[in-house]
Amino acid sequence: GVGILLTAGAVKKTQGGERVEPDLEGKVRTLAAIEDLQSGVIKKIMIAGGQPAFAMPLAEIYRSYARRYGLTDDQVEIYTAGMETGSDIKAPVQMLADQNADENLIVYSSGYHLGRAKDILERKGYTTATVPAEQKTLQRWNKMQTMLLEKWFGFDQQQVISSVFSEEFV
């Protein structure tokens, strides 16, 4: 499949050198897509966002951020023609149609935002899954907790839960 990352916003950082990068919501969305790319769930990320921030389209800012995680230009494409969800999605969908690409699409955004994006894509005939980026972050955190429990204390999360709710613990 192919991931479509919908941009959020951007911030200017001055500490440690001046740079522009995705805002917190945008970072969460981007990291969710990067995780799926690195684990083979998707084969590329199409970043859609033409809204300018600090004199640059959001998609360019997000691509620069993705490069910090080792992604290359053949893994990340940007689309800067749009200004909001509907027009942002139009360019990557048109490119897929021009290539006669029959791709399953996965849209990365915030949960509240995904219904509209999915409706737009399904009306155009695409099978579409959605990834609420904040849920992916929580799943990542839960995996990290389990790993730390196993590493530091030698037991897994299910053992902890069972112990906490057992009669001898109460």
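Just so you know, these numbers come straight off a predicted model, no measurement behind them.
At least one donor-acceptor pair closer than 3.5 Å links the side chain of R19 to the backbone N or O of Q15.
In terms of hydrophobic clustering, with Ile, Leu, Val, Met, Phe, Trp and Tyr side chains grouped at heavy-atom distances under 4.5 Å, Y79 and L105 are assigned to a common cluster. Hydrophobic clustering (side-chain heavy atoms under 4.5 Å, transitive across Ile, Leu, Val, Met, Phe, Trp, Tyr) groups I78 together with M56. V41 and L71 end up in the same hydrophobic cluster when Ile, Leu, Val, Met, Phe, Trp and Tyr side chains are linked at under 4.5 Å.
For the atom pair CD1 (I47) and OG1 (T80), the distance works out to 11.5 Å, reported to the nearest 0.5 Å. Annotation: the span from D36 atom CG to L31 atom CG amounts to 11.5 Å, rounded to 0.5 Å. Once rounded to the nearest 0.5 Å, the distance linking CG of L5 with CG of L37 reads 11.5 Å. From Y69, atom OH reaches atom CD of E35 across 12.0 Å, with rounding to the nearest 0.5 Å. Atoms CG and CZ, from L58 and R63 in turn, are 13.0 Å apart once rounded to the nearest 0.5 Å. Here D23 contributes atom CG and R29 contributes atom CZ; the two are 8.0 Å apart, rounded to the nearest 0.5 Å.
Between I61 and A53 the shortest heavy-atom distance is CD1-O, 3.6 Å. V11 and P22 make their closest contact through CG2-O, 4.0 Å (heavy atoms, listed as atom of the first residue, atom of the second, distance). Across all their heavy atoms, V131 and A32 have their closest contact at CG1-CB, 4.5 Å. The two residues V107 and A117 make their nearest non-hydrogen contact at CG1-CB, 4.0 Å. In terms of heavy atoms, Y126 sits closest to A97 at OH-N, 3.6 Å. G50 and D88 get closest at one heavy-atom pair: N-OD1, 3.3 Å.
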Dump the intermediate steps for salt bridge (charged side-chain N to carboxylate O under 4.0 Å, His left out) on E21 and R68, then the final yes or no.
-> CA-CA 11 Å; E21 58 185 36; R68 289 171 44 187; 2.7 Å; yes
Test salt bridge (charged side-chain N to carboxylate O under 4.0 Å, His left out) on E18 and K13 and set out the steps.
CA-CA 5 Å; E18 191 170 297; K13 301 279 186 148; over 6 Å; no
Does M46 form a side-chain contact (heavy atoms from CB on, under 4.5 Å) with V2? I'd like the steps, not just the answer. CA-CA 7 Å; M46 303 170 93; V2 172; 3.2 Å; yes
(message) Could you walk me through whether K136 and V28 satisfy the side-chain contact (heavy atoms from CB on, under 4.5 Å) test, starting with their C-alpha distance in whole Å, then the side-chain angles of each, then the deciding distance to 0.1 Å, before giving a yes or no?
(response) CA-CA 9 Å; K136 189 115 177 138; V28 169; over 6 Å; no
Test I45 against Q75 for side-chain contact (heavy atoms from CB on, under 4.5 Å), laying out the working first.
CA-CA 6 Å; I45 302 171; Q75 294 173 302; over 6 Å; no
For side chain to side chain donor-acceptor pair (under 3.5 Å), just list the numbers for S110 and E25, CA-CA rounded to whole Å, side-chain angles, deciding distance to a tenth of an Å, and then say yes or no. CA-CA 8 Å; S110 302; E25 185 175 4; 2.4 Å; yes
Check against side-chain contact (heavy atoms from CB on, under 4.5 Å), I4 and I106
CA-CA 6 Å; I4 295 180; I106 301 177; over 6 Å; no
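A salt bridge does not link K44 with D74: every distance from a Lys NZ or Arg NE/NH1/NH2 to an Asp or Glu carboxylate oxygen is 4.0 Å or more. Salt bridge K90/E84: absent, no basic N to carboxylate O contact under 4.0 Å.
Residues E60 and Y62 bring no donor and acceptor atom of their side chains to less than 3.5 Å of each other. Under 3.5 Å, the side chains of E134 and T137 contain no donor-acceptor pair of N or O atoms.
Exactly one of T130, T7, L6, T85 qualifies for a side-chain contact (heavy atoms from CB on, under 4.5 Å) with S109. That residue is L6.
Counting heavy atoms of neighbouring residues, nucleotides and ligands inside a 6.0 Å radius, atom NZ of K124 does not exceed 12 of them.
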